[in-house]
Amino acid sequence: MNSMFANKVREISYFHQNSKFYVEKIPENIYKKIHEFYGISENEIVIAFLDNTLFRNGKNGIVFTNLGLKWRDLEQGTDSISWEELIKLSITKHEKKSKIKLGESKELDLSTTEYPIDQFINLLNKIVDSINHNHINVEKNSFISRSKIYDICSLFEEKRATSFSVGENLDKRKVNNFLKLIDIDLSDEIIAFLDTTILNSGKSGMAICESGIYFKEKFLTVYFPWFIVKEINFHLDDYNLEIENEELVFHLQNTKMKKDEIFKLIQRLQVEIRKNDLETYM
């Protein structure tokens, strides 16, 4: 599969993130396990990973690469399939077990992940449909400047509150706690941070960076680059921020920042990205 198809797999995967499903920004300890246990070749690029372990150690799961799928579980051991092979097979839900059938001879185990089986089948079908119909027009040029991110976030910063901070007002203790838990080497700067914990520890929250946005809570770690943020349908349902669909929810009940303000902040960022796109194409 060429790089354009690999980019399309990456884009589709971003829109289907959920618990234990990581796209590009894979925790370092899990990334090491992928290369140790899944037989990744030198010419393969790891795009995404679904962890199928109870304690999130990465020893069992499903790897998305530029060449296809590779997986490992206790029952079957290690197996793989190329994208070219996958498009020829039916993708169905197992009648009894928490598994997905690829044709008649291969199965994907989802028994120890919280990821909904129907959603994962939908993800695979979207990728197959994209390959079959040659849908490879991936737009990765959307951007928003650091200064504009800072300016927009500053409009929503409450000086007397402790939940949302920007730039020089960032609490290093909270940010360090956040980075430690997501276990990802952030190559870009955190510009603003929303703490969603009861005790203001920073262990759960939303980090707005130069490259995109991280959402982290106890059983969820997802990342969206700006070109994906632009397209996402965010919806506020009481204290639940639904991201693209009701399956992916970020909880806001413990933050001191008003939920409506959080929603407006994300919308302002989306508007700015779309504005930049229009100016680029004019």
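Just so you know, these numbers use all the heavy atoms, side chains as well, and skip hydrogens, waters and symmetry mates. None of the values given here were measured: they were computed from a predicted structure. All residue numbers refer to positions in the sequence shown, counting from 1.
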Without swapping roles, check the side chain of [X] against the backbone of [Y] for a donor-acceptor pair under 3.5 Å.
X: D51; Y: G61; result: no
X: R56; Y: I30; result: no
X: E210; Y: I191; result: no
X: Q119; Y: E247; result: no
X: T196; Y: S204; result: yes
X: R274; Y: K230; result: yes
X: Q270; Y: V229; result: yes
X: E114; Y: S19; result: no
X: N66; Y: A6; result: no
X: N52; Y: D109; result: yes

Passes side chain to side chain contact (heavy atoms under 4.5 Å, CB included), I182 versus K25? Steps please.
CA-CA 9 Å; I182 62 174; K25 304 287 186 176; over 6 Å; no
Hydrophobic cluster identity match, [X] and [Y], side-chain contacts under 4.5 Å:
X: I152; Y: I232; result: yes
X: I127; Y: L89; result: yes
X: Y31; Y: F64; result: no
X: I117; Y: V63; result: no
X: W83; Y: I87; result: yes

Tell me if the [atom1] atom of [X] is crowded by more than 12 foreign heavy atoms within 6.0 Å.
X: K203; atom1: NZ; result: no
X: Q253; atom1: CD; result: yes
X: I198; atom1: CD1; result: no
X: K258; atom1: NZ; result: no
X: E104; atom1: CD; result: no
X: E42; atom1: CD; result: no

To the nearest 0.5 Å, how far apart are [atom1] in [X] and [atom2] in [Y]?
X: Y214; Y: T221; atom1: OH; atom2: OG1; result: 9.5 Å
X: K101; Y: I121; atom1: NZ; atom2: CD1; result: 11.0 Å
X: F215; Y: I208; atom1: CZ; atom2: CD1; result: 8.0 Å
X: I81; Y: K88; atom1: CD1; atom2: NZ; result: 10.0 Å
X: T197; Y: N177; atom1: OG1; atom2: CG; result: 9.0 Å
X: I100; Y: T92; atom1: CD1; atom2: OG1; result: 9.0 Å

One thing to verify: whether [Y] and [X] come together as a salt bridge, which I'm taking to mean a side-chain N less than 4.0 angstrom from a carboxylate O.
X: K33; Y: E36; answer: no
X: E85; Y: K106; answer: no
X: E107; Y: K97; answer: no

Take L124 and L108, measure what side chain to side chain contact (heavy atoms under 4.5 Å, CB included) needs, and give me the verdict at the end.
CA-CA 11 Å; L124 294 179; L108 301 176; 3.9 Å; yes
Is the shortest side-chain heavy-atom distance between [X] and [Y] below 4.5 Å?
X: I149; Y: W226; value: yes
X: N276; Y: K148; value: no
X: N29; Y: N57; value: no
X: L67; Y: S82; value: no
X: L236; Y: L252; value: yes
X: P116; Y: D118; value: no
X: W71; Y: T78; value: no
X: T112; Y: D73; value: no

Minimal non-hydrogen separation, [X] against [Y], with atom names:
X: V249; Y: E217; value: O-OE2, 3.7 Å
X: H251; Y: N240; value: CD2-OD1, 3.1 Å
X: Y38; Y: G58; value: OH-O, 2.9 Å
X: K59; Y: T53; value: N-CG2, 3.8 Å
X: L248; Y: N18; value: CD1-CA, 4.0 Å
X: F250; Y: M206; value: CZ-N, 4.1 Å

N176 versus R173, side-chain donor and acceptor atoms under 3.5 Å
no
Looking only at the aromatic ring of each residue, does the gap between the centers of F193 and F178 stay below 6.0 angstrom?
yes
Take D195 and K256, measure what salt bridge (charged side-chain N to carboxylate O under 4.0 Å, His left out) needs, and give me the verdict at the end.
CA-CA 8 Å; D195 187 346; K256 295 180 176 62; over 6 Å; no
I need the single residue from F49, F21, F120 that forms a side chain to side chain contact (heavy atoms under 4.5 Å, CB included) with I62. Which is it?
F120
How are the rings of F224 and Y14 set relative to one another: parallel (under 30°), tilted (30 to 60°) or perpendicular (over 60°)?
tilted
Show the numbers, then the answer: is there a side chain to side chain contact (heavy atoms under 4.5 Å, CB included) between K99 and E75?
CA-CA 12 Å; K99 292 184 178 183; E75 185 178 326; 3.0 Å; yes
Should L269 and L265 be marked as a side chain to side chain contact (heavy atoms under 4.5 Å, CB included) after you check the CA-CA gap, both sets of side-chain angles, and the distance that decides it?
CA-CA 6 Å; L269 291 166; L265 165 61; 4.2 Å; yes
